[in-house]
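No experiment lies behind these values; they were computed from the predicted model shown.
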Amino acid sequence: TKAALHIGALDSIPKQIIVQLAKHALKNFSCVITLSEGRPDDLLRELQAHRIDLLLTDHLPTGVDSKGLRPRTIARKNIGVYASPEFRSLRKGFPKSISSMPVILPSFSSRLRQDLEHWASLQKIELNAVAEGQDIAVKKLMAIEGLGILPSATHTVTGQVLRGELIELGQIAGMHEELLLVSANRKIRNPIADKLFSSFKI
(Lines give C-alpha, C1' and ligand atoms only; values in the text may rest on other atoms or scores of the structure.)
Protein backbone atom coordinates (compact mmCIF):
# COMPACT_ATOMS: atom_id res chain seq x y z
CA THR A 1 0.00 0.00 0.00
CA LYS A 2 1.05 3.57 -0.64
CA ALA A 3 1.95 5.84 2.24
CA ALA A 4 -0.42 8.68 3.10
CA LEU A 5 0.81 12.27 3.00
CA HIS A 6 -1.37 15.16 4.18
CA ILE A 7 -0.31 18.63 2.98
CA GLY A 8 -1.92 21.83 4.20
CA ALA A 9 -1.61 25.18 2.40
CA LEU A 10 -2.80 28.69 3.15
CA ASP A 11 -5.39 29.75 0.59
CA SER A 12 -3.14 32.71 -0.26
CA ILE A 13 -0.38 30.38 -1.52
CA PRO A 14 -0.30 30.29 -5.35
CA LYS A 15 -1.79 27.06 -6.70
CA GLN A 16 1.27 26.39 -8.87
CA ILE A 17 3.46 26.13 -5.73
CA ILE A 18 1.09 23.55 -4.20
CA VAL A 19 1.14 21.61 -7.50
CA GLN A 20 4.98 21.74 -7.59
CA LEU A 21 5.16 20.28 -4.07
CA ALA A 22 2.66 17.53 -4.92
CA LYS A 23 4.54 16.75 -8.15
CA HIS A 24 7.85 16.49 -6.29
CA ALA A 25 6.27 14.11 -3.75
CA LEU A 26 4.58 11.87 -6.35
CA LYS A 27 7.68 11.72 -8.55
CA ASN A 28 10.02 10.70 -5.73
CA PHE A 29 7.86 8.68 -3.34
CA SER A 30 5.10 6.11 -3.44
CA CYS A 31 2.33 8.01 -1.72
CA VAL A 32 -1.26 9.22 -1.82
CA ILE A 33 -1.66 12.94 -1.14
CA THR A 34 -4.46 14.68 0.70
CA LEU A 35 -4.55 18.46 0.20
CA SER A 36 -6.22 20.89 2.59
CA GLU A 37 -6.47 24.63 2.09
CA GLY A 38 -7.63 27.07 4.71
CA ARG A 39 -6.92 29.77 7.25
CA PRO A 40 -3.60 29.97 9.12
CA ASP A 41 -5.00 29.30 12.62
CA ASP A 42 -6.99 26.23 11.58
CA LEU A 43 -4.12 24.71 9.61
CA LEU A 44 -1.59 25.29 12.40
CA ARG A 45 -3.88 23.52 14.87
CA GLU A 46 -4.16 20.58 12.45
CA LEU A 47 -0.37 20.49 12.04
CA GLN A 48 0.25 20.58 15.80
CA ALA A 49 -2.35 17.84 16.29
CA HIS A 50 -0.48 15.77 13.63
CA ARG A 51 -3.49 15.60 11.32
CA ILE A 52 -1.40 17.43 8.69
CA ASP A 53 2.18 16.36 7.88
CA LEU A 54 3.44 19.53 6.19
CA LEU A 55 2.18 23.10 5.91
CA LEU A 56 2.88 25.63 3.14
CA THR A 57 2.61 29.15 4.54
CA ASP A 58 3.93 32.70 4.13
CA HIS A 59 4.39 33.43 7.85
CA LEU A 60 4.77 31.73 11.21
CA PRO A 61 3.11 32.55 14.50
CA THR A 62 5.33 33.99 17.20
CA GLY A 63 5.79 32.98 20.83
CA VAL A 64 3.90 30.07 22.36
CA ASP A 65 1.99 29.27 19.13
CA SER A 66 5.21 28.35 17.30
CA LYS A 67 6.32 25.76 19.89
CA GLY A 68 7.36 22.45 18.34
CA LEU A 69 7.30 23.75 14.76
CA ARG A 70 10.19 23.42 12.30
CA PRO A 71 10.06 25.97 9.46
CA ARG A 72 12.21 25.96 6.33
CA THR A 73 12.29 28.78 3.78
CA ILE A 74 11.69 27.40 0.27
CA ALA A 75 11.45 30.72 -1.59
CA ARG A 76 12.00 34.42 -1.08
CA LYS A 77 10.50 36.61 -3.79
CA ASN A 78 10.31 40.34 -4.52
CA ILE A 79 6.97 42.14 -4.32
CA GLY A 80 5.76 44.14 -7.30
CA VAL A 81 2.61 46.07 -8.18
CA TYR A 82 0.77 44.75 -11.24
CA ALA A 83 -2.13 46.03 -13.31
CA SER A 84 -3.85 45.69 -16.66
CA PRO A 85 -2.13 47.70 -19.45
CA GLU A 86 -4.60 50.60 -19.18
CA PHE A 87 -2.83 51.59 -15.92
CA ARG A 88 0.52 51.94 -17.75
CA SER A 89 0.81 55.68 -16.97
CA LEU A 90 1.22 54.84 -13.25
CA ARG A 91 4.75 53.59 -13.97
CA LYS A 92 5.77 57.24 -14.02
CA GLY A 93 6.34 58.49 -10.49
CA PHE A 94 5.91 55.02 -8.94
CA PRO A 95 5.22 54.36 -6.06
CA LYS A 96 3.59 57.75 -5.29
CA SER A 97 1.54 57.39 -8.50
CA ILE A 98 -0.52 54.53 -7.03
CA SER A 99 -1.78 56.57 -4.05
CA SER A 100 -5.62 56.50 -3.91
CA MET A 101 -5.84 54.28 -7.03
CA PRO A 102 -8.18 51.26 -6.67
CA VAL A 103 -6.16 48.37 -5.20
CA ILE A 104 -6.88 44.67 -4.71
CA LEU A 105 -5.34 43.65 -1.38
CA PRO A 106 -4.53 40.43 0.45
CA SER A 107 -6.74 39.75 3.48
CA PHE A 108 -5.66 40.79 6.97
CA SER A 109 -4.51 37.29 7.92
CA SER A 110 -1.60 37.46 5.45
CA ARG A 111 1.84 38.78 6.28
CA LEU A 112 1.92 40.69 2.99
CA ARG A 113 -1.11 42.79 3.99
CA GLN A 114 0.59 43.92 7.20
CA ASP A 115 3.81 44.72 5.31
CA LEU A 116 1.88 46.72 2.67
CA GLU A 117 -0.03 48.75 5.26
CA HIS A 118 3.23 49.59 7.05
CA TRP A 119 4.99 50.51 3.77
CA ALA A 120 2.07 52.68 2.61
CA SER A 121 2.00 54.65 5.87
CA LEU A 122 5.76 55.29 5.68
CA GLN A 123 5.49 56.40 2.03
CA LYS A 124 2.32 58.44 2.74
CA ILE A 125 0.47 56.42 0.10
CA GLU A 126 -3.26 55.89 0.43
CA LEU A 127 -4.30 52.29 -0.21
CA ASN A 128 -7.77 52.62 -1.71
CA ALA A 129 -9.00 49.03 -1.27
CA VAL A 130 -11.74 47.98 -3.69
CA ALA A 131 -11.42 44.28 -2.86
CA GLU A 132 -9.53 42.02 -0.50
CA GLY A 133 -9.15 38.28 -0.31
CA GLN A 134 -6.83 35.32 -0.01
CA ASP A 135 -7.33 33.55 -3.33
CA ILE A 136 -4.60 34.84 -5.65
CA ALA A 137 -6.28 33.33 -8.75
CA VAL A 138 -9.43 35.43 -8.21
CA LYS A 139 -7.41 38.57 -7.46
CA LYS A 140 -5.39 38.16 -10.67
CA LEU A 141 -8.60 37.84 -12.72
CA MET A 142 -9.92 41.03 -11.11
CA ALA A 143 -6.68 42.87 -11.96
CA ILE A 144 -6.78 41.59 -15.57
CA GLU A 145 -10.35 42.98 -15.82
CA GLY A 146 -8.98 46.39 -14.80
CA LEU A 147 -10.84 46.53 -11.47
CA GLY A 148 -7.72 47.58 -9.58
CA ILE A 149 -3.96 47.28 -9.19
CA LEU A 150 -2.50 44.21 -7.53
CA PRO A 151 0.48 44.09 -5.15
CA SER A 152 1.86 40.55 -5.37
CA ALA A 153 5.01 38.43 -5.27
CA THR A 154 6.67 38.38 -8.70
CA HIS A 155 6.42 34.60 -9.16
CA THR A 156 2.64 34.57 -8.80
CA VAL A 157 2.00 36.62 -11.96
CA THR A 158 4.69 35.36 -14.37
CA GLY A 159 2.21 33.81 -16.82
CA GLN A 160 -0.06 36.87 -16.90
CA VAL A 161 2.91 39.23 -17.49
CA LEU A 162 4.31 37.02 -20.29
CA ARG A 163 0.88 36.98 -21.98
CA GLY A 164 0.58 40.77 -21.65
CA GLU A 165 -2.56 40.53 -19.48
CA LEU A 166 -0.78 42.31 -16.64
CA ILE A 167 2.14 44.73 -16.59
CA GLU A 168 4.50 45.55 -13.74
CA LEU A 169 4.13 49.13 -12.53
CA GLY A 170 7.14 48.83 -10.23
CA GLN A 171 8.70 46.80 -7.43
CA ILE A 172 8.46 47.65 -3.76
CA ALA A 173 12.01 48.13 -2.48
CA GLY A 174 12.94 46.02 0.52
CA MET A 175 9.72 44.00 0.66
CA HIS A 176 9.71 40.24 0.09
CA GLU A 177 7.35 37.34 0.39
CA GLU A 178 8.83 34.32 2.08
CA LEU A 179 7.32 30.92 1.49
CA LEU A 180 7.84 28.39 4.26
CA LEU A 181 7.41 24.67 4.54
CA VAL A 182 6.60 23.77 8.15
CA SER A 183 6.60 20.44 9.96
CA ALA A 184 5.80 19.71 13.60
CA ASN A 185 7.89 17.68 16.04
CA ARG A 186 6.27 14.31 16.59
CA LYS A 187 7.18 10.95 18.17
CA ILE A 188 6.08 8.83 15.21
CA ARG A 189 7.50 10.50 12.14
CA ASN A 190 6.24 10.32 8.57
CA PRO A 191 9.41 9.41 6.62
CA ILE A 192 8.07 10.80 3.33
CA ALA A 193 7.11 14.12 4.96
CA ASP A 194 10.63 14.30 6.47
CA LYS A 195 12.33 13.70 3.12
CA LEU A 196 10.05 16.14 1.33
CA PHE A 197 10.66 18.75 4.04
CA SER A 198 14.42 18.61 3.52
CA SER A 199 14.51 18.20 -0.30
CA PHE A 200 11.78 20.45 -1.75
CA LYS A 201 12.70 23.87 -3.11
CA ILE A 202 11.36 26.25 -5.74
Side-chain angles (χ1 to χ4, degrees), residues 8-21 37-44 55-62 73-181 202:
L10 252 61
D11 36 21
S12 58
I13 300 290
K15 305 290 181 268
Q16 74 256 33
I17 306 283
I18 303 168
V19 172
Q20 274 180 304
L21 180 62
E37 286 188 283
R39 294 184 17 244
D41 310 348
D42 303 336
L43 291 171
L44 274 168
L55 174 62
L56 267 171
T57 180
D58 60 5
H59 66 293
L60 262 192
T62 48
T73 300
I74 53 169
R76 189 177 152 85
K77 304 290 182 184
N78 294 338
I79 302 295
V81 178
Y82 299 88
S84 60
E86 71 217 56
F87 288 96
R88 188 175 273 106
S89 62
L90 298 179
R91 282 177 169 168
K92 203 174 169 193
F94 181 87
K96 291 273 190 269
S97 59
I98 67 167
S99 189
S100 76
M101 295 305 293
V103 59
I104 300 158
L105 287 170
S107 60
F108 282 105
S109 61
S110 86
R111 171 74 191 272
L112 180 56
R113 175 63 178 264
Q114 293 152 31
D115 289 349
L116 283 166
E117 300 263 358
H118 180 66
W119 169 78
S121 72
L122 289 177
Q123 296 281 341
K124 298 189 170 42
I125 287 168
E126 187 202 333
L127 291 177
N128 172 20
V130 289
E132 52 186 59
Q134 284 288 60
D135 192 324
I136 186 66
V138 174
K139 289 187 295 186
K140 285 194 288 191
L141 288 171
M142 291 177 82
I144 289 166
E145 288 294 324
L147 300 177
I149 60 178
L150 176 68
S152 186
T154 50
H155 66 95
T156 61
V157 291
T158 311
Q160 290 73 22
V161 170
L162 286 172
R163 289 192 295 274
E165 297 168 330
L166 292 175
I167 58 168
E168 186 179 271
L169 300 178
Q171 290 198 3
I172 300 177
M175 197 186 295
H176 298 90
E177 180 176 79
E178 249 187 322
L179 290 180
L180 305 162
L181 198 54
I202 293 167

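- The side chain to side chain donor-acceptor pair (under 3.5 Å) search around Glu86 returns Ser84, not counting sequence neighbours.
- Between Leu180 and Ile74 the shortest side-chain heavy-atom distance does not fall below 4.5 Å.
- Side-chain contact between Trp119 and Ile125: present, with at least one pair of heavy atoms (C-beta onward) separated by less than 4.5 Å.
- Contact record, Ala153 with Lys77: CB-CB, 4.2 Å, taken as the closest heavy-atom pair.
- Side-chain N or O atoms of Lys140 include one that pairs as donor or acceptor with a backbone N or O of Thr156 at under 3.5 Å.
- Once rounded to the nearest 0.5 Å, the distance linking CD1 of Ile172 with CD of Gln123 reads 9.0 Å.
- Legend: residues meeting salt bridge (Lys or Arg N to Asp or Glu O under 4.0 Å) with Asp58, ordered by chain and number and at least two apart, are absent.
- Pro151 places none of its side-chain heavy atoms less than 4.5 Å from the side chain of Tyr82.
- Remark: Asp115 engages Arg111 in a salt bridge, criterion side-chain N to carboxylate O under 4.0 Å.
- Looking at residues two or more places apart in sequence or on another chain, you find a salt bridge (Lys or Arg N to Asp or Glu O under 4.0 Å) between Asp42 and Arg39, Arg45.
- Phe87 places a side-chain heavy atom less than 4.5 Å from the side chain of Met101.
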Checklist entry - Stepwise, does the side chain to side chain contact (heavy atoms under 4.5 Å, CB included) test hold for Leu10 with Leu43? => result CA-CA 8 Å; Leu10 252 61; Leu43 291 171; 4.1 Å; yes
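- The side-chain contact (heavy atoms from CB on, under 4.5 Å) test with Val81 is passed by exactly one of Val103, Leu90, Ile149: Ile149.
- Between Lys139 and Gly133, the shortest heavy-atom distance links the atoms NZ-O, 3.0 Å.
- Remark: Ala129 engages Leu105 in a side chain to side chain contact (heavy atoms under 4.5 Å, CB included) (not counting sequence neighbours).
- By the side chain to side chain donor-acceptor pair (under 3.5 Å) test, Thr57 is found to be paired with no residue, residues two or more places apart in sequence or in another chain being considered.
- Residues satisfying the side chain to side chain contact (heavy atoms under 4.5 Å, CB included) criterion with Met142, sequence neighbours excluded, are Ile104, Ala131, Val138, Leu147.
- In this structure the side chain of Ile167 never reaches within 4.5 angstrom of the side chain of Val161, judged on heavy atoms.
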Would you list the atom pairs, donor with acceptor, under 3.5 Å between side chains in residues 13-21 and any protein atom, with sequence neighbours excluded?
| unit_1 | atom_1 | unit_2 | atom_2 | d |
| --- | --- | --- | --- | --- |
| Lys15 | NZ | Glu37 | OE2 | 3.2 |
| Gln16 | NE2 | His155 | O | 3.1 |

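- For Ile144, the side chain to side chain contact (heavy atoms under 4.5 Å, CB included) partners two or more places apart in sequence, or in a different chain, are Gln160, Glu165, Leu166.
- The salt bridge (charged side-chain N to carboxylate O under 4.0 Å, His left out) pairs that include a residue from residues 143-153 number zero, where partners must be two or more places apart or lie in different chains.
- Listed by first and then second residue, the side chain to side chain donor-acceptor pair (under 3.5 Å) pairs involving residues 169-180 are Thr73-Glu178, Arg76-His176, Asn78-Gln171, Asn78-His176, Glu168-Gln171 (not counting sequence neighbours).
- In this structure, the salt bridge (Lys or Arg N to Asp or Glu O under 4.0 Å) partners of Arg113, at least two apart in sequence or on a different chain, are Glu117, Glu132.
- Sorted by first and then second residue, the side chain to side chain donor-acceptor pair (under 3.5 Å) pairs involving residues 91-106 (not counting sequence neighbours) form an empty list.
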Next on the checklist: Run Ser152 and Ile136 through side chain to side chain contact (heavy atoms under 4.5 Å, CB included) and show every step you take.
Outcome noted: CA-CA 9 Å; Ser152 186; Ile136 186 66; 3.6 Å; yes
